[in-house]
Amino acid sequence: MAGLQEIRMTEEKPLLREQMSMENCDVFLPPVDSNWQEHDIETPYGMLHVVIRGAPKGNRPAILTYHDVGMNHKLCFNTFFNFEDMQEITKHFVVCHVDAPGQQTNASQFPAGYQFPTMDQLAAMLPSVVQHFGFKSIVGIGVGAGAYVLAKFALIFPDMVEGMVLLNIDPCGKGWIDWAATKLSGLTSSLPDTVLSHLCSQEELMNNTELVQSLRQQIGANINQSNLQLFWNMYNSRRDLEMNRPGSVANAKTLQCPVMLVVGDNAPAEEGVVECNSKLDPTQTTFLKMADCGGLPQITQPGKLTEAFKYFLQGMGYMASASMTRLARSRTASLTSASSVDGQRPRICTQTNSSDSVGQVTQNMSHTMEVSC
C-alpha cells in the first residue's frame with residue numbers, strides 16, 4: 001500500500017492468554033460503577049435502549065458505542081470499559097452505550113411480522129439519542145455491525161461526529177455467494193454458532209477457547225434468539241457503504257472526521273478492514289493491526305486498545321496530560337499545538353520509526369498510519 005508506514009508498539013506488561021481466560025465468565029460481569037442509567041429513547045424507527053454514565057462536559061464530545069451482531073453493550077464493551085487504564089479516559093467524557101433494537105438483556109421478543117430496521121435506518125435512529133441527551137458531538141466506538149452503523153451515521157450526519165474508532169468494520173455488502181453460504185450455515189448450525197463464525201477467528205473456534213465457550217453460552221442465554229435472527233439477517237442484507245478515498249473518483253465522499261481502524265491479525269474481518277482503509281482519507285486515518293489477536297480485541301487485548309484510544313483522543317486535542325502507562329517508550333518527543341485560527345483542534349498523529357520504539361508526535365501526516373502492536 002503506497003505511502004503506508006508500519007509502526008510497532010512494544011507492551012511493557014504483555015497481556016498473557018491465561019490472563020484473558022473467561023473463568024466464571026467474569027469478563028461479562030456488569031461494571032463495578034453503579035452510576036449507569038438506563039433509558040428507552042423513541043426514534044423515527046422504534047425504541048432504542050441506551051445506557052449512559054455522566055453528563056455532557058462542556059464542548060467535549062460524548063463517547064458513544066455500538067456493539068456487533070450477536071452481542072449487546074454488556075457483552076461487547078464491559079471488558080474494555082472496566083479496564084483500569086480506561087478509567088483515566090472515561091472520567092473526562094460522558095459515555096453512552098447503544099443497544100440495537102431488541103438486543104439488550106431480557107428484551108421482549110418482537111411480535112410476528114415485525115420489520116427490523118435496515119442498517120441505514122439504524123444509523124438514522126442515532127440523532128434522536130444525540131439530541132435527547134444534548135450531546136454537542138460524539139466520538140463513536142463501533143464493532144462489526146456496530147462499526148458499519150456508526151460509519152453510516154458519520155456519512156449522513158458528519159456535523160454530529162468528531163471522531164470514529166471502528167473495529168472489524170466491513171464496508172462491503174454481501175454478494176450472492178456469501179449470501180448463499182450464510183443461508184447454508186444457518187441450516188446446518190445453531191444461531192449462536194453461526195454468529196460466532198462472524199465474531200471469532202478460525203483458530204479461536206477450532207481451539208474452542210474459553211472465550212468461545214463463554215460467548216456461545218452468553219449469546220444463547222442473554223439475547224433473545226428471534227430478535228438476534230432479525231438483526232443477523234439485516235446485517236447480512238447490508239449494502240456497500242458509499243464512500244471512496246478523495247481523489248479516487250469524481251465527487252468522492254468519505255468520512256470527514258479522524259478515524260482509527262482496528263483489527264486483529266487473525267480476525268475474520270481483516271480483509272474488510274483493509275478495504276475500508278482504502279476508502280478513507282489517509283491524512284485522517286490510523287490503522288491499528290493487533291498482533292496475535294483474533295476477532296475480539298476489545299475483550300482479549302483491552303490494554304493495547306485503551307492505549308491506542310488515548311493516543312487517538314490526544315490527536316484530536318483532548319487529554320494532553322494523560323499518561324501512557326502500558327506501552328514502553330525509550331524516548332518520547334512531545335509537541336504542544338496551539339489552537340488553529342479557525343478554532344478547529346489540530347490533528348496530531350503518533351508515529352514510531354525505529355526498532356527500539358521511539359515515540360514521536362507529528363502533524364498533518366500525508367499518509368495512512370499503520371500501527372502493529
Side-chain angles (χ1 to χ4, degrees), residues 36 38-41 43-53 61-81 86 90 93-105 107 116-133 135 137-158 160-171 195 198-199 219 223 227-228 230-232 234-236 238 241 255 257 259-263 269 272-273 276 295-299 305 309 312:
W36 294 91
E38 297 188 51
H39 299 263
D40 290 310
I41 298 175
T43 80
Y45 301 101
M47 301 296 290
L48 270 183
H49 180 262
V50 173
V51 180
I52 187 171
R53 182 180 68 183
I63 296 174
L64 186 144
T65 75
Y66 211 114
H67 59 85
D68 202 351
V69 65
M71 310 188 91
N72 51 38
H73 81 271
K74 291 182 179 180
L75 296 182
C76 196
F77 292 112
N78 269 5
T79 303
F80 183 43
F81 279 86
M86 190 65 177
T90 57
F93 299 88
V94 58
V95 179
C96 179
H97 295 305
V98 177
D99 286 318
Q103 308 306 300
Q104 69 269 26
T105 303
F116 197 87
T118 66
M119 300 303 287
D120 288 5
Q121 289 171 340
L122 290 176
M125 298 168 83
L126 294 179
S128 297
V129 177
V130 173
Q131 293 160 6
H132 179 87
F133 294 111
F135 299 153
S137 61
I138 69 149
V139 171
I141 304 178
V143 182
Y148 181 100
V149 171
L150 287 181
K152 188 68 179 180
F153 170 67
L155 287 169
I156 303 172
F157 307 99
M160 293 186 178
V161 180
E162 197 162 334
M164 280 286 164
V165 178
L166 305 174
L167 292 77
N168 299 337
I169 186 172
D170 187 345
V195 172
H198 160 76
L199 296 173
I219 292 170
I223 302 177
N227 296 354
L228 172 56
L230 293 175
F231 188 17
W232 177 245
M234 192 55 69
Y235 177 63
N236 287 308
R238 69 189 182 279
L241 282 175
L255 299 182
C257 62
V259 178
M260 182 167 71
L261 299 175
V262 182
V263 70
V273 177
C276 185
L296 297 163
Q298 79 280 12
I299 293 177
L305 186 57
F309 187 41
F312 182 69

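In this structure the side chain of D170 never reaches within 4.5 angstrom of the side chain of Y148, judged on heavy atoms. Using a 4.5 Å cut-off on side-chain heavy atoms (C-beta onward), M125 and L122 make contact. No side-chain heavy atom of F157 sits under 4.5 Å from any side-chain heavy atom of L126. The side-chain heavy atoms of M119 and V149, taken from C-beta on, include a pair separated by under 4.5 Å. In this structure, the side chains of L48 and P101 come closer than 4.5 Å at one or more pairs of heavy atoms. Within the 4.5 Å cutoff, the side chain of L155 has heavy atoms near those of the L255 side chain. The side-chain heavy atoms of I299 and M71, taken from C-beta on, include a pair separated by under 4.5 Å. Looking only at side-chain heavy atoms (C-beta outward), Q298 and C76 come within less than 4.5 Å of each other.
Residues passing the side chain to side chain contact (heavy atoms under 4.5 Å, CB included) test with Q103 are H67, A100, F116, I223, N227, L228, F231, sequence neighbours excluded. Under the rule for a salt bridge (charged side-chain N to carboxylate O under 4.0 Å, His left out), D68 has no partner lying at least two apart in sequence or in another chain.
The two residues L150 and M164 make their nearest non-hydrogen contact at O-CE, 3.4 Å. Of all heavy-atom pairs between P117 and M234, the closest is O-CG, 3.1 Å. Looking at every heavy atom in both residues, A269 comes nearest to V263 through C-CG2, 4.1 Å. Of all the heavy atoms in C257 and E162, the pair that sits closest is CB-O, 3.7 Å. In this structure, V195 and V69 approach most closely via the heavy-atom pair CG1-O, 3.7 Å. Shown here for H97 and T65, the closest heavy-atom pair between the two residues is ND1-OG1, 2.6 Å.
The structure places NZ of K152 at 14.5 Å from OH of Y66, a figure rounded to the nearest 0.5 Å. With rounding to the nearest 0.5 angstrom, the CE atom of M260 is 7.0 Å from the CZ atom of F309. To the nearest 0.5 Å, atoms CE (M86) and CG (L305) are separated by 7.5 Å. For the atom pair CH2 of W232 and NE2 of H198, the computed distance is 5.5 Å after rounding to the nearest 0.5 Å. With values rounded to the nearest 0.5 angstrom, I52 atom CD1 is found 11.5 Å from I63 atom CD1.
In summary, of the residues considered (I141, V143, L296), a side-chain contact (heavy atoms from CB on, under 4.5 Å) with F80 occurs for I141 alone.
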Discussion item. Run the side chain to side chain contact (heavy atoms under 4.5 Å, CB included) test on L64 and F133 for me, step by step, so that the C-alpha distance in whole Å, both residues' side-chain angles and the decisive distance to 0.1 Å come before the verdict.
Written reply: CA-CA 12 Å; L64 186 144; F133 294 111; over 6 Å; no
Worksheet item: After noting the C-alpha distance and the side-chain angles of T118 and Y45, does the key distance pass the side chain to side chain contact (heavy atoms under 4.5 Å, CB included) rule?
Response: CA-CA 9 Å; T118 66; Y45 301 101; over 6 Å; no
Worksheet item: Step by step, would you call R238 with N236 a side chain to side chain contact (heavy atoms under 4.5 Å, CB included)?
Response: CA-CA 6 Å; R238 69 189 182 279; N236 287 308; 4.3 Å; yes
Worksheet item: After noting the C-alpha distance and the side-chain angles of F77 and V95, does the key distance pass the side chain to side chain contact (heavy atoms under 4.5 Å, CB included) rule?
Response: CA-CA 11 Å; F77 292 112; V95 179; over 6 Å; no
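Checking side-chain atoms of D120 against main-chain N and O of A123 turns up no donor-acceptor pair under 3.5 Å.
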